[in-house]
There are 2 protein chains.
Amino acid sequence: MQHVGAVPDCKRRRLGYHASMNDSSKTERVRLSAEDWEDGALALIAEQGVGALAVEALARRLGVTKGSFYWHFRTREALLQAALERWEEYGEREVLAEIERIPDPLKRFPELFRRVAHEMQPHRVYAALLKALDHPQVVPVMSRVSQRRMDFLTRLYQEAGLAPDVALNRARLTYAAYVGFLQLNFTLGLPRISHEEFDAYVEHMIATLTPAPRDAS
Amino acid sequence: MQHVGAVPDCKRRRLGYHASMNDSSKTERVRLSAEDWEDGALALIAEQGVGALAVEALARRLGVTKGSFYWHFRTREALLQAALERWEEYGEREVLAEIERIPDPLKRFPELFRRVAHEMQPHRVYAALLKALDHPQVVPVMSRVSQRRMDFLTRLYQEAGLAPDVALNRARLTYAAYVGFLQLNFTLGLPRISHEEFDAYVEHMIATLTPAPRDAS
DNA sequence: GCCACTACATACTCGGCCGTATGGTTGCCA
DNA sequence: TGGCAACCATACGGCCGAGTATGTAGTGGC
């Protein structure tokens with residue numbers, strides 16, 4: 001989840017036109033790969049949304065022009081598609097794996113909620129994509145990602161002792177709360193919640209959504 | 001909440017160019033008011049999002065041309081502004097009032113949840129506006145509306161016996177679940193939930209989010 | 001040190017949409 | 001029934017962003 005950034009420094013090498021002039025800032029030339037464009041696109045999406053993903057804007061951002069872009073990609077759609085697939089690929093696998101490693105099923109929820117709550121950067125892309133569900137290209141991606149996460153949550157609740165149908169509904173509720181929270185606090189800025197308040201809210205979520213031991217059969 | 005529709009029939013009167021021809025469908029002439037444009041704008045927003053609110057597209061939809069539009073509004077922004085204010089005006093007041101009329105605080109939540117769940121049309125505009133929070137004009141409107149609803153929920157939870165801080169967090173959780181559900185089921189179409197499943201989910205929400213009587217001091 | 005290839009610049013076309021200008025049509029009212 | 005105001009059509013100018021065409025500068029193989 002580190003693929004959201006500008007051009008890696010290893011690519012920024014100056015070539016000095018004739019080894020003269022004060023080539024301090026402008027003569028740095030970059031040679032980009034398709035992956036660089038995809039990363040740049042994801043960064044732009046995270047900051048300004050899918051609608052702001054314009055070819056010329058991204059080119060300026062990367063220090064080149066459109067001519068470069070159309071060498072790597074056939075169209076703007078192709079870039080968006082590649083960026084989305086890249087984002088889906090390098091997903092949140094490690095987090096889920098670590099949660100499953102916790103033996104006590106009931107102790108998984110506090111850990112999961114606290115972890116998700118305290119690294120907000122990875123969710124920026126997800127929040128941006130949520131606001132772009134009118135775009136045909138993002139729907140299947142978001143559908144797959146959301147479905148996988150909901151399946152994971154459902155399994156967690158089942159292993160915590162809930163009946164299958166109850167576990168599914170609890171997973172729906174939990175994931176809806178997650179998505180809604182992203183909307184209400186990232187994009188909309190409801191009175192700018194403080195750190196202490198935020199922690200208290202997370203603990204309240206844990207207390208409310210973690211199955212009570214008596215729920216287990 | 002009936003202001004989202006096409007041109008009201010009372011305005012569709014034919015004027016028959018010379019009382020001849022088969023003027024069955026095309027010679028119906030309409031004279032529109034500013035409110036008609038605002039309603040049309042809201043309908044278009046509900047269906048295709050704020051980004052799809054284009055002047056010429058809306059004009060075609062209403063059976064007229066741009067020339068008409070720019071008589072009523074100075075700019076596209078003005079229309080959006082007026083439509084948003086209109087939407088905020090004719091809000092959900094009556095629902096909230098009816099809920100408060102229920103004497104037993106604990107019986108309010110099932111009623112509220114079931115009501116909100118079973119009239120999904122009014123939420124289409126809200127869901128569309130949620131996806132347009134990057135637009136500067138919608139942010140203040142959504143901020144006000146969401147804040148009012150959250151205040152209402154907080155008060156309900158307090159009157160149900162929760163401590164003020166707990167009530168606030170419970171309200172946040174509830175409203176986040178609402179918003180997230182809109183996203184996941186309207187725009188994204190997670191496996192197209194059935195009616196029975198949906199009702200079961202609502203009941204699960206009620207069971208999970210309604211304060212237990214023992215929570216009351 | 002030559003050449004093919006990669007990566008990029010520049011300059012253009014084209015379509016969509018906002019906004020303007022202006023003239024035509026309808027309805028109301030004295 | 002003339003006239004004014006509300007309402008609408010048509011045509012045009014201009015901006016912005018996608019996509020194309022073509023020239024050009026570095027890069028690697030031999």
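In the text below, chain A, chain B and the rest are named by the order of the sequence lines, each starting its count at 1.
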Whole-Å gap separating [atom2] ([N]) and [atom1] ([X]):
{"X": "Arg74(A)", "N": "dA7(C)", "atom1": "CZ", "atom2": "C1'", "value": "19 Å"}
{"X": "Leu58(A)", "N": "dG17(D)", "atom1": "CG", "atom2": "C1'", "value": "14 Å"}
{"X": "Tyr70(B)", "N": "dC17(C)", "atom1": "OH", "atom2": "C1'", "value": "8 Å"}
{"X": "Arg76(A)", "N": "dG15(C)", "atom1": "CZ", "atom2": "P", "value": "19 Å"}
{"X": "Phe69(B)", "N": "dC7(D)", "atom1": "CZ", "atom2": "P", "value": "14 Å"}
{"X": "Trp71(B)", "N": "dC18(C)", "atom1": "CH2", "atom2": "C1'", "value": "20 Å"}

From the set [options], return the single nucleotide nearest to any side-chain atom of [X].
{"X": "Lys66(A)", "options": "dA7(C), dG19(D), dA6(D)", "answer": "dG19(D)"}
{"X": "Glu56(B)", "options": "dA9(D), dT26(C), dC18(C)", "answer": "dC18(C)"}
{"X": "Thr75(B)", "options": "dC18(C), dA18(D), dG19(C)", "answer": "dG19(C)"}
{"X": "His72(A)", "options": "dA7(C), dG17(D), dG27(C)", "answer": "dA7(C)"}

* Begin with the C-alpha distance, continue with both residues' side-chain angles, and end with the deciding distance and a verdict on side-chain contact (heavy atoms from CB on, under 4.5 Å) for Tyr201(A) and Arg170(B). => CA-CA 8 Å; Tyr201(A) 172 70; Arg170(B) 183 62 65 90; over 6 Å; no
* Structure fact -> Walking DNA chain C from its 5' end, the first of Val55(B) and Gly67(A) to be reached, judged by nearest nucleotide, is Gly67(A)
* Do other residues, nucleotides or ligands put more than 12 heavy atoms under 6.0 Å from His195(B) NE2? -> no
* To do: Give the ring-plane orientation class for Tyr178(A) versus Tyr175(A), where under 30° counts as parallel, over 60° as perpendicular and anything between as tilted.
  => tilted
* Going by the angle between their ring planes, with limits at 30° and 60°, are Tyr157(B) and Phe109(B) parallel, tilted or perpendicular? -> parallel
